[in-house]
Amino acid sequence: MSEYRPEEIEPKWQAVWERDKTFRSLEGGGKPKFYVLDMFPYPSGSGLHVGHVEGYTATDIVARFKFARGFNVLHPMGWDAFGLPAEQYALETGTHPSVTNEKNIATFTAQLKALGFAYDWDREVNTTDAHYYKWTQWIFLQLYKRGLAYIAEVPVNWCPALGTVLANEEVIEGRSERGGHPVIRRPMRQWMLKITAYADRLLEDLESIDWPEHLKDMQRNWIGRSRGAEVDFAVAAETAGGLDAKIRVYTTRPDTLFGATYMVLAPEHPLVAELASDAQRAEVLAYSQAAANKSELQRTDLQKDKSGVFTGAYAINPVNGKQIPIWVADYVLWGYGTGAIMAVPGHDERDWEFARKFELPIVEVISGGEVDVAAHTGDGLLVNSGLLDGLNVSDAKAKIIAWLEEQGVGQGTINYKLRDWLFSRQRFWGEPFPIIHLEDGSHAPLPEQFLPIQLPQVERYEQSGTGESPLATIEDWVNTVDPVSGQPARRETNTMPQWAGSCWYYLRYIDPHNAEKLVDPEKERYWMPVDLYVGGAEHAVLHLLYARFWHKVLFDIGAVSTKEPFQRVVNQGMILGLTYQYYRTQDGQALSYKERGANHAELTSFTVPGDAVVWKDEKPYHPEFGVELEEITEKMSKSRGNVVNPDDVIAQYGADSLRLYEMFMGPLEQTKPWNPRGVSGVHRFLSRIWRLVCEEQGLSAKVGGEASEELLRELNKTIKKVTDDTEALRFNTAIAAMMEFVNFLYKQETVPKAVVESLVQILAPYAPHAAEEIWQRLGHVGSITHHPWPAADAKYLVDDSYQLAVQVMGKLRGTLTVPIDITQQAAVELAMAEPDIARHIEGKELRRVIFVPKRILNFVVS
RNA sequence: GCCGGAGUGGCGGAAUGGUAGACGCGCCGGAUUCAAAAUCCGGUGAUCGUGAGGUCGUGCGGGUUCGAGUCCCGCCUCCGGUACCA
């Protein structure tokens with residue numbers, strides 16, 4: 001017997017793998033391919049997180065499993081390295097983001113290597129590398145050429161005090177996250193990508209991919225396709241200072257047109273100012289102005305209480321010629337539909353609320369509800385609707401659309417919630433656009449041969465103060481010459497958002513060093529699509545949608561061969577941490593949650609880091625104040641002091657134990673709490689295997705002998721279970737099966753070498769270092785990774801007898817060991833011979849016997 | 001509000017409609033030890049019973065079925081997403 005020492009084994013094998021390039025991805029050789037991808041990380045200063053480790057371990061197990069199953073495996077890693085933190089650090093300290101990056105990437109790399117992940121490091125990509133972003137820029141040019149990139153004036157979150165534009169997540173309740181300065185919306189020149197042109201394909205092609213249904217649903221909801229009609233309402237000129245105009249509205253309920261009792265324009269609607277009557281003008285303009293200054297968040301925050309102003313003008317309902325008042329209200333959004341609605345308070349909750357508040361008429365046009373009490377949004381028969389009376393909702397829709405089209409006052413249309421993608425940021429640390437602006441105010445794309453447009457190397461980074469990117473302050477860089485005309489020009493100073501680089505990185509892994517092309521078409525055809533893509537659920541909508549959009553554009557220009565990039569996507573669940581919490585009164589006295597009482601609003605909560613907690617009688621206490629702490633399971637965060645650092649776990653138990661524990665905690669996709677004591681359980685399991693097999697040098701005396709029939713059965717069942725479970729990503733039950741098998745082996749006198757070999761092979765994807773070490777001690781040369789996976793021998797999978805559960809009236813009354821092919825009659829006879837079973841039947845009438853071979857024998861009595 | 005997902009021992013979790021609680025943590029007992037740690041072996045849903053054995057038990061209330069954690073209907077709670085999208 002000897003001790004399991006991961007601290008010796010793990011670095012040894014990591015060095016061997018690195019030296020031998022064990023996990024190099026190769027094409028060809030007549031092998032099938034498997035592309036297994038992780039969502040690459042942003043290399044933050046805080047290093048790898050146990051959440052990363054979970055997803056990365058899952059794909060690593062799959063990669064190693066597929067290697068052993070004879071696949072060519074592509075399993076790469078890289079860096080999504082553009083991003084705000086490095087830029088903010090640069091502004092504060094003058095350190096170039098690439099320097100910060102390099103340092104953080106070194107940390108991440110060391111951490112990933114210490115976990116023994118089977119990456120082909122020769123394929124590492126970095127989105128901030130000019131050799132990489134050259135191709136990000138190239139893709140932008142292709143989008144531009146196809147008319148999918150355009151410039152628009154779009155409101156952004158402008159913070160005058162900071163002199164910069166903020167991302168939505170940097171704005172909290174209308175103020176900047178840093179400093180709490182006011183933030184207003186201000187239009188700025190922006191690049192937009194026309195993702196809406198692909199809305200239908202993004203929706204339809206979801207059918208062809210193997211993603212969890214909830215994820216597809218999220219994408220469907222985001223795209224938000226709806227079918228309805230656009231209807232033109234003429235403005236009643238005499239009520240609008242003689243203005244001759246039409247207002248087009250979008251509605252999904254054209255069937256309720258007769259119930260429209262007023263109309264609402266979004267505050268940004270261009271007709272607002274023209275329509276307003278003299279009496280109302282000042283009020284209307286003030287309202288529009290106020291709405292414009294509110295941030296997006298403020299506008300939605302205030303949604304409970306509806307606000308609005310009457311313009312003084314009226315519109316004419318085309319179906320009945322009635323005049324209805326035109327209002328302005330911010331519950332109508334300028335960005336959706338036509339920015340104007342017909343309001344049908346009887347059958348729309350929002351309109352109903354508004355009508356109630358401003359005492360506007362409510363008319364019932366669909367029967368079945370009580371429109372005085374609440375809006376009736378369900379189906380029913382049409383009433384008060386002229387030609388539609390008596391129809392149901394769906395027939396009425398069809399009929400009115402036909403009528404509108406015939407009259408030339410509207411038509412059926414399809415609308416999307418999806419909006420075009422705001423594709424520029426006023427930042428330094430992002431991909432520059434390959435665009436120049438000429439003195440005449442026009443802009444031009446730079447020809448491909450001038451790519452990449454590199455970021456400048458400078459000593460200091462300063463906010464422009466104008467809202468433009470810090471790039472605008474770097475004169476040497478901004479001022480350039482149009483290579484085509486020779487005219488002086490200014491470079492575009494916006495940069496691309498972080499999404500850009502991550503939209504196509506999976507393609508670059510396939511051919512990472514290609515200087516001529518984005519990716520070699522032959523290699524692309526070999527490896528695409530990605531067979532399995534694992535990552536956090538926070539990217540379920542945007543990243544995956546944007547990447548799908550780019551991929552479809554690349555498909556259209558012939559750069560890729562598949563319609564969809566990711567055949568299968570799996571989201572790993574979040575890992576929660578334990579927080580230990582107590583309270584303090586205003587005068588500083590510490591209180592346990594038990595003494596907190598009901599009035600704890602006056603108390604402030606504090607947390608104690610997990611390793612500082614003192615345990616007494618299985619209960620956590622504060623190390624100084626001695627109060628009992630409340631254990632709370634919540635998202636890991638620095639501020640809560642509940643972050644588990646993978647380095648610490650590796651130092652204490654080794655990487656194999658960390659990997660195994662994260663997989664053993666529960667199903668991959670589930671949210672799971674981290675139990676600090678849980679790692680010791682899997683560590684114990686690895687130690688048990690080690691002690692079973694290894695002596696200080698070489699193998700233990702227990703290894704040898706002949707395999708019994710029973711042993712072979714257990715072995716083959718375990719192989720089968722682990723194979724099936726690994727294939728289906730059920731890692732927790734695969735590990736449980738290996739544990740059971742090891743428990744079984746401990747009861748054996750001897751364990752034949754061939755059995756140990758099989759065990760180590762199925763263990764290898766999970767605990768690769770320990771497996772390699774034992775494999776070597778078993779006398780093998782070369783990595784276990786490429787040794788074929790053991791096959792379960794079918795003849796050992798079928799037992800010749802089984803435990804038959806016997807029930808009377810569905811209640812278990814006994815179990816019998818019976819031959820595999822037992823007949824119902826024989827089973828009944830055996831069961832009746834058991835006194836504990838028979839006594840539940842005696843004296844009653846046997847009405848029915850249910851016998852399901854290998855499952856159940858059930859007596860139904862009266 | 002809407003759309004997803006989940007509720008099973010003290011805890012993490014297992015269970016093609018067929019013996020609920022595999023495996024692990026924790027706990028209890030035993031072996032080993034001068035002793036402890038480590039290790040090995042055994043036990044561990046609740047409850048009644050000396051015992052054999054019985055009863056109850058998968059968020060709640062109904063239903064389908066010989067049989068329901070699993071399927072159906074109606075609720076409750078928690079988590080994730082989304083939010084005036086006409």
Side-chain angles (χ1 to χ4, degrees), chain A residues 1 3 212-218 220-222 224-226 228 249-253 256 264 266 299-304 306 329-333 335-344 347-351 353-354 415-419 537-538 540-541 571 573-574 576 618 631 633 635 660-661 664-667 669-682 684-685 687-688 691 730 732-743 746-747 803-815 835-836 839 847-852 854-861:
Chain A
M1 209 203 279
E3 210 178 318
E213 204 50 42
H214 69 95
L215 215 162
K216 289 189 189 181
D217 267 340
M218 280 162 85
R220 287 189 193 109
N221 291 340
W222 195 264
R225 183 184 146 111
S226 68
V249 303
Y250 173 72
T251 176
T252 56
R253 296 296 303 275
T256 61
V264 186
R299 266 175 80 161
T300 51
D301 271 357
L302 298 170
Q303 68 181 262
K304 296 292 166 235
K306 292 213 167 19
D330 65 3
Y331 84 92
V332 171
L333 305 177
Y336 182 76
T338 60
I341 63 159
M342 62 175 206
V344 184
H347 306 282
D348 181 283
E349 281 162 19
R350 297 151 300 182
D351 297 344
E353 263 179 55
F354 190 84
N415 237 305
Y416 302 91
K417 283 197 224 175
L418 182 70
R419 314 214 192 143
E538 65 273 22
V541 179
N571 290 132
M574 209 187 333
L576 303 176
E618 305 295 308
E631 191 175 87
T633 317
K635 209 167 168 171
L660 214 47
Y661 174 62
F664 187 61
M665 285 165 76
E669 299 193 55
Q670 195 167 301
T671 300
K672 303 161 284 265
W674 180 275
N675 175 356
R677 286 186 274 209
V679 192
S680 65
V682 291
R684 197 169 296 158
F685 163 65
S687 303
R688 275 165 70 80
R691 277 194 302 273
R730 290 187 300 254
N732 54 331
T733 50
I735 294 165
M738 289 189 272
M739 287 175 167
E740 278 183 83
F741 185 58
V742 169
N743 290 345
Y746 261 72
K747 297 184 175 65
Q803 294 281 309
L804 177 65
V806 182
Q807 299 179 333
V808 178
M809 294 300 283
K811 279 189 199 293
L812 185 73
R813 297 301 179 184
T815 53
D836 277 338
R839 68 193 172 84
R847 289 193 6 230
R848 203 174 149 191
V849 175
I850 285 137
F851 176 66
V852 183
K854 297 186 200 170
R855 299 242 180 273
I856 202 89
L857 176 63
N858 188 10
F859 294 99
V860 184
V861 296

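Chain A is the first sequence line, chain B the second, and so forth, proteins listed ahead of strands; every chain is numbered from 1. Since the structure is predicted, the reported quantities are computational estimates derived from the model, not experimental observations.
- The same atom, C1', is picked in B:rC2 and in B:rG69; the two are 29 Å apart, to the nearest Å.
- With both pairing distances under 3.5 Å, B:rU33 is matched to nothing as a Watson-Crick or G-U wobble pair.
- In this structure, CD1 of A:Ile850 is placed 7 Å from P of B:rC66, rounded to the nearest angstrom.
- Applying the ring-ring contact (aromatic ring centres under 6.0 Å, His included) test to A:Phe741 and every residue at least two apart in sequence or in another chain returns nothing.
- A:Lys216 places its NZ atom 17 Å from the C1' atom of B:rG5, with the value rounded to the nearest Å.
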Tabulate protein N/O versus nucleotide N/O from nucleotides 42-47 of chain B, keeping only pairs under 3.5 Å, one per line.
none

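- Under the Watson-Crick or G-U wobble criterion, with both distances below 3.5 Å, B:rA83 is left unpaired in every strand shown.
- For B:rG67, neither phosphate oxygen OP1 nor OP2 lies less than 4.0 angstrom from any side-chain nitrogen or oxygen of A:Arg848.
- Between the C1' atoms of B:rA83 and B:rG4, the separation comes to 15 Å (whole Å).
- Atom CZ of A:Arg847 and atom C1' of B:rG67 are 14 Å apart (whole Å).
- Nearest-nucleotide positions on RNA chain B place A:Arg839 closer to the 5' end than the other of A:Arg839 and A:Trp222.
- Checked against side-chain hydrogen bond (donor to acceptor under 3.5 Å, both in side chains), A:Arg839 has the following partners two or more places apart in sequence or in another chain: A:Asp836.
- Not counting sequence neighbours, the partners of A:Lys672 by the side-chain hydrogen bond (donor to acceptor under 3.5 Å, both in side chains) test are A:Glu54.
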Atom pairs under 3.5 Å: protein N/O with N/O of nucleotides 56-59 of chain B:
residue: B:rC56; atom: OP2; partner: A:Lys811; partner atom: NZ; Å: 3.1

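- Nucleotide B:rG10 is shown with an anti base, its glycosidic torsion being more than 90° from 0.
- A:Asp836 comes within 4.0 angstrom of sugar-phosphate atoms only, judged by non-hydrogen atoms across all strands, and of no base.
- Between the C1' atoms of B:rC40 and B:rC60, the separation comes to 46 Å (whole Å).
- In terms of the side-chain hydrogen bond (donor to acceptor under 3.5 Å, both in side chains) criterion, A:Thr671 has no residue partners (sequence neighbours excluded).
- Contacts of A:Val849 classified as side-chain contact (heavy atoms from CB on, under 4.5 Å), with partners at least two apart in sequence or in another chain: A:Gln824, A:Val828, A:Leu846, A:Leu857, A:Phe859.
- Residue A:Ser226 places at least one side-chain N or O closer than 4.0 Å to OP1 or OP2 of B:rA86.
- Nucleotides B:rA20 and B:rG45, compared at atom C1', are 10 Å apart to the nearest Å.
- A:Asn858 comes within 4.0 angstrom of a base, heavy atoms only.
- Contact of the A:Met739 side chain with the A:Val682 side chain is registered, since non-hydrogen atoms from C-beta on lie closer than 4.5 Å.
- Counting only heavy atoms from C-beta on, A:Lys672 has its side chain closest to B:rG13 among B:rG13, B:rU55, B:rU39.
- If you check B:rA6 for Watson-Crick or wobble pairing at under 3.5 angstrom, you find it paired to B:rU77.
- Pair assignment for B:rA46 gives B:rU55, based on Watson-Crick or G-U wobble hydrogen-bonding distances that are each under 3.5 Å.
- Residue A:Glu669 is classed as having no contact, given no heavy-atom separation below 4.0 Å to the nucleic acid.
- Looking at A:Met342 and A:Thr256, their side chains come closer than 4.5 Å, going by heavy atoms from C-beta outward.
- B:rA83 atom C1' lies 16 Å from atom CG of A:Asp217, rounded to whole Å.
- The nucleotide whose nearest atom lies closest to any side-chain atom of A:Pro673 is, among B:rU55, B:rG13, B:rG53, B:rG13.
- For A:Thr815, counting side-chain heavy atoms from C-beta on, the closest listed nucleotide (B:rC84, B:rU19, B:rC66) is B:rU19.
- Pair assignment for B:rU70: none, as no Watson-Crick or G-U wobble contacts are both less than 3.5 Å.
- Going from atom CZ of A:Arg419 over to atom NZ of A:Lys417 covers 10.0 Å, rounded to the nearest 0.5 Å.
- Partners of A:Glu349 by side-chain contact (heavy atoms from CB on, under 4.5 Å), not counting sequence neighbours, listed by chain and number: A:Ala375, A:Thr377.
- In this structure, the side-chain hydrogen bond (donor to acceptor under 3.5 Å, both in side chains) partners of A:Asn743, at least two apart in sequence or on a different chain, are A:Arg688.
- One atom, CE of A:Met218, and another, C1' of B:rG5, lie 11 Å apart when rounded to the nearest Å.
- Comparing B:rG12 with B:rA31, their P atoms are spaced 34 Å from each other, to the whole Å.
- The side-chain contact (heavy atoms from CB on, under 4.5 Å) search around A:Asn675 returns A:Tyr661, A:Arg677, not counting sequence neighbours.
- Of the two residues contacting RNA chain B, namely A:Glu349 and A:Lys635, the nearest-nucleotide position lying further toward the 5' end is that of A:Glu349.
- Comparing the C1' positions of B:rG59 and B:rG9 gives a spacing of 15 Å, expressed to the nearest Å.
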Between protein and nucleotides 20-25 of chain B, map the contacts as a letter string: B base, S sugar-phosphate only, - none, heavy atoms under 4.0 Å, written 5' to 3'. --BBSS
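- Distance, A:Asn571 CG to B:rG4 P: 16 Å, rounded to whole Å.
- A:Glu353 places none of its side-chain heavy atoms less than 4.5 Å from the side chain of A:Tyr331.
- Here B:rC79 presents its C1' atom at 8 Å from CE of A:Met574, a figure rounded to the nearest Å.
- The base-pairing partner of B:rC23, taking Watson-Crick or G-U wobble contacts with both distances under 3.5 Å, is B:rG12.
- To the nearest whole angstrom, the two C1' atoms, one in B:rG10 and one in B:rA36, are 27 Å apart.
- The distance from atom OH of A:Tyr250 to atom CD1 of A:Ile341, rounded to the nearest 0.5 Å, is 13.0 Å.
- Residue contacts shown for A:Arg225 are absent, as no nucleic acid heavy atom lies under 4.0 Å away.
- When heavy atoms are screened at a 4.0 angstrom cut-off, A:Pro667 is found touching the sugar-phosphate backbone but no base atom.
- Atom pair A:Leu576:CG and B:rA6:C1' shows a separation of 13 Å (rounding to whole Å applied).
- Here A:Trp222 pairs with nothing under the ring-ring contact (aromatic ring centres under 6.0 Å, His included) rule; sequence neighbours left out.
- Counting only distance, with no hydrogens or angles, the side chain of A:Asn415 and the backbone of A:Ser226 share no donor-acceptor pair below 3.5 Å.
- Comparing the P positions of B:rC71 and B:rC27 gives a spacing of 36 Å, expressed to the nearest Å.
- Among the atoms of the strands shown, none is found under 4.0 Å from any heavy atom of A:Phe685.
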